[in-house]
Amino acid sequence: MTTTAPPLDTHVPDWILCPGCRAPVYGKRFVRNDRVCPHCGRHSSLTAPERLAGLLDPGGAEPLVHPVRTGDPLGFVDVRAYPERLREARERTGLDEAVLCARGTVRGLPLIVAVMDFRFLGGSLGSAVGGLIAHAADTALRERTPLLLVTASGGARMQEGALALMQMATTSQAMARLDEAGILTMSLITDPTYGGVAASFASLSDVIIAEPGARMGFAGARVIEQTIRQSLPPGFQTAESLLSRGFIDLVCPRSGLRTKLARLLSFAAGEVEFLVDDTGDFYFMEVNCRIQVEHPVTEMVTGVDLVREQFRVAAGLPLELSQSGVAPRGAAIECRVNAEDPARDFLPTPGPVEEFTALAGPFVRVDTDCFPGHRVSAAYDPLLAKVITWAPDRAQARERMRRALDEFHVSGPGVRTNIPFLRRVLDDPRFADGTHTTSLVADLTSQEPLG
């Protein structure tokens, strides 16, 4: 099934009466304001093509094509037959189904998007919708790209009976695969989001954003009140109420969504640190969504200027490389030269630096802001420099590091460095053959004092 976005309806009445505050709003101003009332802030609904146009970078949306067929398993007929209702919905909306999936970027950052359209049978969750949502999730998994789900639904599609309800499991399993793979998922809750959609993929994302006033729940407030025969509190099921109770992560006006999404997508790019045991099992340590102290090692073995790429992304430019184009070569080692005393549990040694010599050269990189006259403070990290060496293999990189440290000289009243300890690490047989563990530092500091 190929979904083609219809042209946006450019016809706008001269004046619009806001359904929220009943204030008249000039039609063109209403459209320029993304269909948000300038008086009361009420967010009116958008079509799926309008959503994609408003969220993604101009000209960057590429429809995801997936062969999903909407059947009539029950031969369902109410006032009209189900196939007739489907045909009418397709003619009226220009969509094949109640969800529109695309690949695009937000300020240059890649994103897979699945946007529901309430005009199509109330955005109901049928077999085809479930299949398209799962396809979008599988595409995000295959390409390791964050996924955004924009929800607008009255619930499961009653014309498909139990098959519609089964889509809750289909979509939930697809989201679970992304969660296991560590790929960022986000939901944007728009008004209304109910039933099986609210109970499945809408509420399973890593980050759940809602537009102001958007309602989300399994059953509507009127149904609940009639069932329990009690009045519900004001604002029940609205975004603001859900936020106060921890069901969603944030409420964001439509005008700020692109900025918020870009910020979340930039967080998705970070360094994930693991430990590996002797059986090959990985153990997660931490994730840091910023440039790392060890980033020169990555730059030395890949030839990629990571800081330059960060500046490009921050400026809204696309990355100039792909994962398939990044090939590590050789080995690199980084040593952090600190003003600290390993014999005293690595206590900082603040003071003025009178002499400072750090020689770089072929395959040796020194990153530093230290100089003669610099004062090492006790209030911050006592890092003086990072020394990085590269070689075709680890053994040669280790030898180059030993020579680089031999040429490194720092002196000043009270200032000591950890260079003697770094030499001891480099000389240790366990480090040389790569069999060392996290106990290496404690083992080496328990030996005779360093000179």
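Computed over heavy atoms, backbone and side chain alike; hydrogens, waters and symmetry mates excluded. Since we're looking at a predicted model, the values are computed, not measured.
A donor-acceptor distance shorter than 3.5 angstrom exists from the side chain of S203 to the backbone of A198, with no hydrogens or angles considered. Judged purely by atom type and a 3.5 angstrom limit, H43 uses its side chain to pair as donor or acceptor with the backbone of R254. A donor-acceptor pair under 3.5 Å links the side-chain atoms of Q167 to the main chain of L163, judged by distance alone. Although no hydrogens or angles enter the test, the distance criterion places no donor-acceptor pair under 3.5 Å between the side chain of S205 and the main chain of I208. Of the possible polar contacts, one joining the Q237 side chain to the A219 backbone as a donor-acceptor pair under 3.5 Å is found. Between the side chain of D249 and the backbone N or O of I209 there is no donor-acceptor pair closer than 3.5 Å. A distance-only check finds a donor-acceptor pair linking the side chain of D57 to the backbone of R107 [under 3.5 Å]. Checking side-chain atoms of D78 against main-chain N and O of R80 turns up a donor-acceptor pair under 3.5 Å. Judged purely by atom type and a 3.5 angstrom limit, S200 has no side-chain atom pairing as donor or acceptor with the backbone of M168. The backbone N or O of R35 sits nowhere less than 3.5 Å from a side-chain atom of R42 that would complete a donor-acceptor pair.
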For this session: Quick one: do T193 and I189 satisfy side chain to side chain contact (heavy atoms under 4.5 Å, CB included)? Show the steps, please.
Result: CA-CA 7 Å; T193 296; I189 309 301; 3.6 Å; yes

For this session: Kindly determine whether E211 and K260 satisfy salt bridge (charged side-chain N to carboxylate O under 4.0 Å, His left out), including the steps that lead there.
Result: CA-CA 12 Å; E211 290 189 333; K260 187 65 66 176; over 6 Å; no

Exercise. Could you go step by step and tell me if E309 and V304 meet the side chain to side chain contact (heavy atoms under 4.5 Å, CB included) rule?
Worked result: CA-CA 8 Å; E309 294 299 327; V304 176; 4.3 Å; yes

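Within 6.0 Å of CD on E62 lie more than 12 heavy atoms contributed by other residues, nucleotides or ligands.
Scanning all heavy atoms of the two residues, the minimum distance from A202 to S187 falls at O-OG, 2.9 Å. For the residue pair L422 and C335, the shortest heavy atom distance occurs at CD1-CB, 3.9 Å. Smallest separation of non-hydrogen atoms from R119 and R92: O-NH2, 2.9 Å. The minimum heavy-atom distance between V387 and A404, with the atom names listed, is CG1-CB, 4.0 Å. Counting all heavy atoms, side chain and backbone alike, A181 lies closest to L141 at CB-CD1, 3.5 Å. Contact between V129 and A98 at its shortest, heavy atoms only, is CG2-CB, 3.9 Å.
By the 4.0 Å N-to-carboxylate-O rule, E334 lies too far from R365 to be salt-bridged with it. For the pair E97 and R157, the salt-bridge criterion is met [side-chain N within less than 4.0 Å of a carboxylate O]. By the 4.0 Å N-to-carboxylate-O rule, K28 lies too far from D14 to be salt-bridged with it. The pair R177-D138 counts as a salt bridge, with a side-chain nitrogen and a carboxylate oxygen less than 4.0 angstrom apart.
For residues 199-248, no pair satisfies ring pair (Phe, Tyr, Trp, His ring centres under 6.0 Å), with sequence neighbours left out. Among pairs with a residue in residues 151-190, none fulfils ring pair (Phe, Tyr, Trp, His ring centres under 6.0 Å), at least two apart in sequence or across chains.
Taking the centre and axis of the six-membered ring of W390, the NZ or CZ atom of R329 falls inside the cone set by 45° and 6.0 Å.
Between I224 and L232 the shortest side-chain heavy-atom distance falls below 4.5 Å. A heavy-atom distance below 4.5 Å is found between the side chains of L265 and V106. No side-chain heavy atom of H39 sits under 4.5 Å from any side-chain heavy atom of C18. Side chains of S45 and F118 form no contact here, defined as non-hydrogen atoms less than 4.5 Å apart.
Exactly one of L384, D367, V293 qualifies for a side chain to side chain contact (heavy atoms under 4.5 Å, CB included) with R336. That residue is V293.
With rounding to the nearest 0.5 angstrom, the SG atom of C101 is 9.5 Å from the CE atom of M116. Here the straight-line distance linking atom CG of L261 with atom CG of L188 works out to 7.0 Å at 0.5 Å rounding. In this structure, L64 CG and H135 NE2 are separated by 5.0 Å, a value rounded to the nearest 0.5 Å. Annotation: the span from M186 atom CE to D206 atom CG amounts to 9.0 Å, rounded to 0.5 Å.
Between F421 and F346, the angle of the ring planes goes over 60°, which puts this pair in the perpendicular group of the 30/60° scheme.
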